[in-house]
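Structure record follows, encoded as structure tokens.
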Amino acid sequence: MANDEKTPRAYLYSDTEPSEEQTKRLEAFLERTYRQVIPLRWTQSPGIKDGFRLEVGSDVYDWTLEGRVRQFQERLNRIDNSEQSVIPLIRRVVNEFQPTVEREEKGEAIFVGDEIARVRGLPGVQYGEVVEFANGVHGMVQDLREDSVGCVLFGANGDVAEGSIVKRTGRTAGMPVGIRFLGRVVNALGEPIDGKGAIEHDAYRPIEVAAPGILDRSAVNRPLETGILCIDSMFPIGRGQRELIIGDRQTGKTAIAIDTIINQNRRNVICIYCAIGQKASSVAQIAANLEAHGALQHTIIVSACASDPAAEQYIAPYAATALGEHFMNTGRDVLIVYDDLSKHAIAYRALSLLLERSPGREAYPGDVFYLHSRLLERSAHLSEELGGGSMTALPIIETQAGDVSAYIPTNVISITDGQIYLESNLFFSGQRPAVNVGLSVSRVGGAAQTKAMKQSAGSLRIDLAQFREMEAFTQFSSDLDEVTKRQLVYGQGLMRLLRQDQYKPFSQHRMVILLIAALNHTMENIPIDDLLKYREALLDSLEGKYADICRRLDRNGKLLDRDKDLLLKEAKDFAARWLHDGGAAAEAGEQEENADGER
Ligand code: ATP
Ligand code: MG
């Protein structure tokens, strides 16, 4: 404590001078508390109407009327309102209330800069504790030194001036959580920013908690369908898994996350989209798109925009995770998207540099790995004893010119269970989603796929790998033998079939039908430019004919051999018909059906 070295002084403030008797009692109290004789000095303060205020070093003992009323107020606020009737409860609290001499630590802001403040005093404050400045602005302690502490500030730091008094709160940062957050847009502090009014919360959760341990987890074994053919077939994501989406700017990273959220419609998965450092207009657009596709009602958007304080951008993903944990701990399945963690690391770097922590590689502070590891470790598939809930994380990282070996990308790659690597070249050549099949991976893999999907997607990855190799080899040779040519055409066809528009997730049965038809070479003779048209026609036709098989596939994810043979035979027949009348008949048939539907 600060008063160990030299004798501290005690200052007493009150309206009237204390009697000899009172002074003696106070001095005895000081000697008892600090185990030394402390001289007491009285200052008259007419502002204090009843009682007194005693300050010793950075400790404050408040026995003013105001102080006692405040204590009482705080006590009332702490009442557990789970009891049915509040009247007896209030009566009990009032009866039992005994004001005590509370010790309170206070400090003083000695420097206020961009979004940070340095505070002297507060010898007992803890890392991560929330402190309160004189005018109600809150800060969080992020840097502990021998003689001062560094805080990041929430809200407008123009309101905090050097010399202002700082108080400890004894709490770490928390977040209101609850079911009524669904469908809402909130900031990193849990306050609504969508103009739809206040949100009633069910509980408070600290934004930083330890991740579930090994025994609390069970293996990832249930799929979280993205509805994106290329991902569900080759890089399946399981509930509780962490799959990184990585790529340069404007390669469709956000699109994959949003499509996955839309695909959770009617699947009973709660989605949380955490936007970090984006433009407010982009976040508004995302909210509008989710609403338009009926996905906002099961989604919570937590947004810390580029214009918000860096401290809010820094805590946003932890706050979003606290929301997710609230649902996971009650046995629900949660999907959480962090868009994106590169900007999160940059916000943290800015704060660290302002707090004068020493910069390391790429000017990030030394603990930047821990920044993301402690965040992503909180995603889990909980054991049955803990309710069996899950939280699946889709962190997003933006690379510069495809450089995955930069500091932050390598960190996050090593923390996650796989990555979906998006490439600008593919994106600009029209291959969207622009997934690089060679560099993407899901380390959970087949364990998180339905049987039907595993059965039907079997050789897709290998076929595409062979195609890529052959493509590279044959790039410069002009005359190719028939077999090679056929393989190239087949590979190009597969790549074309993996193209998928935004906001159009495939259902399970559509993916299975498509994979069976494609991987059994039934589409080989369809001209590549007709393939997408053919895909739609084939799916519509088979869906209409075998509705019961489709329903079974969607419901239990199993594919009987008999059904598979049936689908394959029909796919072959459809191709033959299509080729026979140049696509015209099939299309005409479809138009008739549409017309029927309208009538
Ligand atoms: P940023 O780096 O700006 O965050 P991003 O990588 O998140 O970009 P998106 O915003 O998802 O990329 O997508 C970029 C553009 O590409 C958007 O206009 C989007 O509509 C379009 N796009 C993304 N995916 C597809 C797709 N599968 N089909 C067609 N267009 C797409
Ligand atoms: Mg984006």
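As the structure lists them, so they are numbered: ligands from 1, and atoms in each ligand from 1.
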First locate atom CG of D248, then atom NZ of K253, and finally report the distance between them rounded to the nearest 0.5 Å.
-> 7.5 Å
Residues 275-286 side chain polar contacts: donor-acceptor under 3.5 Å, at least two apart:
unit_1	atom_1	unit_2	atom_2	d
Q278	NE2	Y273	OH	3.1
Q278	NE2	D339	O	2.9
Q278	NE2	D339	OD2	3.3

Among R499, Q250, Q502, whose heavy atom sits nearest atom 14 (C) of ligand 1?
-> Q250
For atom 11 (O) of ligand 1, what is the nearest protein heavy atom, given as residue, atom name and distance?
-> A255 N, 2.8 Å
Do the side chain of N436 and the main chain of E423 share a donor and acceptor less than 3.5 angstrom apart?
-> no
re atom 6 (O) of ligand 1, the protein heavy-atom contact at minimum distance is K253 NZ, 2.7 Å
Does any N or O atom in F427 lie less than 3.5 angstrom from one in ligand 1, N or O only?
-> no
Given V269, N263, I231, the one that forms side chain to side chain contact (heavy atoms under 4.5 Å, CB included) with E225 | N263
Return a yes/no value for Q500: is any of its N or O atoms, backbone included, closer than 3.5 angstrom to an N or O of ligand 1?
-> yes
What do you think, any protein heavy atom under 4.0 angstrom from atom 27 (N) of ligand 1?
-> yes
Options I286, T251, T254, D259, ranked by nearest heavy atom to atom 7 (O) of ligand 1, top entry | T254
Is it true that some N/O/S atom of T254, main chain or side chain, lies under 2.8 Å from the Mg ion (ligand 2)?
-> yes
Starting from atom 29 (C) of ligand 1, find the nearest protein heavy-atom neighbour and note its residue, name and distance.
-> R432 CD, 3.9 Å
